[in-house]
Number of protein chains: 2
Amino acid sequence: MPGPDTKQRILDAAQTLFAERGFPATSLREITKLADVNLAAVNYHFGSKDGLLKELVNECIEPINKERIRQLDAAEAEAGGQPLVLRDLVRIFIEPAVREMCEENGSMPCVLSRLHHEPHAGLEEMMADILGPTISRFIAATHRCLPHRTPEELMIRGHFMVGAMLHLLDFNCEELMPVPGVNKEVISDYDFRLEQLVSFCTAGFDG
Amino acid sequence: MPGPDTKQRILDAAQTLFAERGFPATSLREITKLADVNLAAVNYHFGSKDGLLKELVNECIEPINKERIRQLDAAEAEAGGQPLVLRDLVRIFIEPAVREMCEENGSMPCVLSRLHHEPHAGLEEMMADILGPTISRFIAATHRCLPHRTPEELMIRGHFMVGAMLHLLDFNCEELMPVPGVNKEVISDYDFRLEQLVSFCTAGFDG
DNA sequence: GTATGAATAAAACAATCGTTTGTTTTCGAA
DNA sequence: TTCGAAAACAAACGATTGTTTTATTCATAC
């Protein structure tokens, strides 16, 4: 009865539910019910629940990462051996993730930020494989940008940047803390968030 | 056979396992086996698995929060109506958490940072009840410190700070990213981490 | 038309889950 | 010593988990 897009419908449903309740707390029966497909379809198409998760994550972070590398290549080619402007460097790392995840894939940020904090068998290695080279290049470029900082300082500040970014990505999942005088429209705007995050991290790297 | 400290042994074991595998992925049987107590002891002492989690979290974040309030009271009294130094303010928010969690409770950071990203029934409200007043006071003090920033800017940057802090707290759980030239001793030192985080967030708030 | 293979469907699999039961042990107060 | 509440225990509860099996549908190639 359901169309030929069973696989994609499973992925969509899984994304929604993983974002809502997390991976271990979501059952295949909930997923297949939301996707309106048969229970066995998950194991047929993905081999296992873990396989579903891996394909979902890979489908999301790989394009983000390629975009980062593309922008970094372009910026370094244009700079012609000169160090990049720090703010540009930070933006190259942050923007593709925020853009892709907040605009195209509304619920994926929650999934990803959760997975960063909830290790899963084989998933850390997958993340490291995909993200490792990018991070190495980014740190190296940052070092050329801020030669007075030690490798340890650069590394741990890169870590802080990732933390701030992941926390931003998870923002839509939480209740906003009631702060008097805050305009919710302003703070919900992705461009505002992106610029604030870039400013925060750029200053933080150099501070 | 086991001593009269059953409750504490359950809390300790739960903390360890929640940090390793996360709350939903940890079974009561694993906990009670590690704690060397009977399975039914959890429901006897805590009412339910959720009750165990709540007591564990509460036991951890409440002293941190009280210490933050205490330091904030002292600093504001000493300043006598004058705005605080931003760096001092940031430190008051960050230091009690890093100190308590990294030195006394080795595995609790993982649990907490995970819970921040994996909502659980009734736990968000508990966190908000405990942390809400502190955050309000902190934002207000920050506003006096940086009157040229809008409430939206202060709020979202406070959010970034929390993200960076949680990510730092989770640092010991992860593999360190291989960056050439990094001295692992330096980067493992809590004082170094604390100072770096304070510098990063202080600069980020004003940047 | 018939055969072939992928996709879907229904049903059952063994295992594990959190929880509850009824009983036994422990230990200080009466 | 006796009593009784608190604690610990073994055992089982019903429900749900991921997975597998078996059968059916359906389009395409012969």
Side-chain angles (χ1 to χ4, degrees), chain A residues 1-59 111 114-115 118-124 126, chain B residues 1-59 111 114-115 118-124 126:
Chain A
M1 184 66 66
D5 50 340
T6 302
K7 231 180 139 177
Q8 191 56 46
R9 290 231 305 287
I10 293 176
L11 285 170
D12 292 342
Q15 178 177 320
T16 300
L17 292 175
F18 289 167
E20 266 180 31
R21 322 184 224 257
F23 174 75
T26 304
S27 73
L28 292 184
R29 284 166 178 82
E30 292 173 305
I31 295 173
T32 53
K33 186 182 172 186
L34 177 62
D36 193 31
V37 301
N38 190 272
L39 169 62
V42 172
N43 281 277
Y44 178 80
H45 286 284
F46 302 96
S48 67
K49 190 187 179 187
D50 278 333
L52 168 60
L53 176 66
K54 284 192 183 180
E55 189 151 331
L56 182 64
V57 170
N58 188 67
E59 204 186 41
V111 181
R114 239 174 244 160
L115 290 175
E118 178 160 313
H120 210 76
L123 213 138
E124 278 189 346
M126 198 185 90
Chain B
M1 182 67 66
D5 50 341
T6 302
K7 232 181 137 176
Q8 191 57 47
R9 291 232 304 287
I10 293 176
L11 285 171
D12 291 342
Q15 177 177 321
T16 300
L17 292 176
F18 290 166
E20 267 181 30
R21 321 183 224 252
F23 174 75
T26 304
S27 73
L28 292 184
R29 285 168 177 83
E30 292 174 305
I31 295 173
T32 53
K33 186 181 173 187
L34 178 62
D36 193 30
V37 301
N38 190 271
L39 169 62
V42 172
N43 282 276
Y44 178 80
H45 285 284
F46 302 96
S48 66
K49 191 187 179 187
D50 277 335
L52 167 60
L53 177 65
K54 285 192 183 181
E55 189 149 332
L56 181 64
V57 170
N58 187 68
E59 204 187 41
V111 180
R114 242 175 242 161
L115 290 175
E118 180 160 313
H120 210 74
L123 213 139
E124 279 189 346
M126 196 185 92

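The model shown is predicted, which means the values in this text are computed figures rather than measured ones. We name chains A, B, ... by the order of the sequence lines, and we start the count at 1 in each one.
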Quick one: [X] [atom1] to [N] [atom2], roughly how many Å, whole number?
X	N	atom1	atom2	result
A:Y44	D:dT22	OH	P	17 Å
B:N38	C:dG18	CG	P	15 Å
A:R21	D:dT17	CZ	P	10 Å
B:K7	D:dA8	NZ	C1'	15 Å
A:L28	C:dA12	CG	P	20 Å
B:F23	C:dG18	CZ	P	8 Å
B:D36	D:dA10	CG	P	10 Å
B:F46	C:dT20	CZ	P	16 Å

Choosing from [options], which nucleotide comes nearest the side chain of [X]?
X	options	value
B:A40	C:dT19, D:dT19, D:dA10	D:dA10
A:N43	D:dT17, D:dT19, C:dT8	D:dT19
B:R29	D:dA10, D:dT17, C:dC17	C:dC17
B:L39	D:dA12, D:dT19, C:dA7	D:dA12
B:T6	D:dA8, D:dA10, D:dT19	D:dA8

### Task
For A:T26, report the nucleic acid contact type (base, sugar-phosphate, nothing); a contact means any heavy atom under 4.0 Å.
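Touches sugar-phosphate only.
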Can you give me the closest heavy-atom contact between [X] and [Y], atom names plus distance?
X	Y	result
B:R21	B:T26	CB-OG1, 3.8 Å
A:F46	A:L52	CB-N, 3.7 Å
A:E59	A:Q8	OE2-OE1, 4.0 Å

### B:S27 side-chain N/O to C:dT16 phosphate OP1/OP2 under 4.0 Å
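B:S27 to C:dT16 OP1/OP2: no side-chain N or O under 4.0 Å.
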### Query
Is any side-chain N or O of B:H45 closer than 4.0 Å to OP1 or OP2 of D:dA8?
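Yes.
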### From CA spacing to verdict: side chain to side chain contact (heavy atoms under 4.5 Å, CB included), A:L28, A:N43
CA-CA 9 Å; A:L28 292 184; A:N43 281 277; 4.0 Å; yes
#### Entry: Member of B:D5, B:D12, B:L11 meeting the side chain to side chain contact (heavy atoms under 4.5 Å, CB included) criterion with B:R9
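Output: one option passes, namely B:D5.
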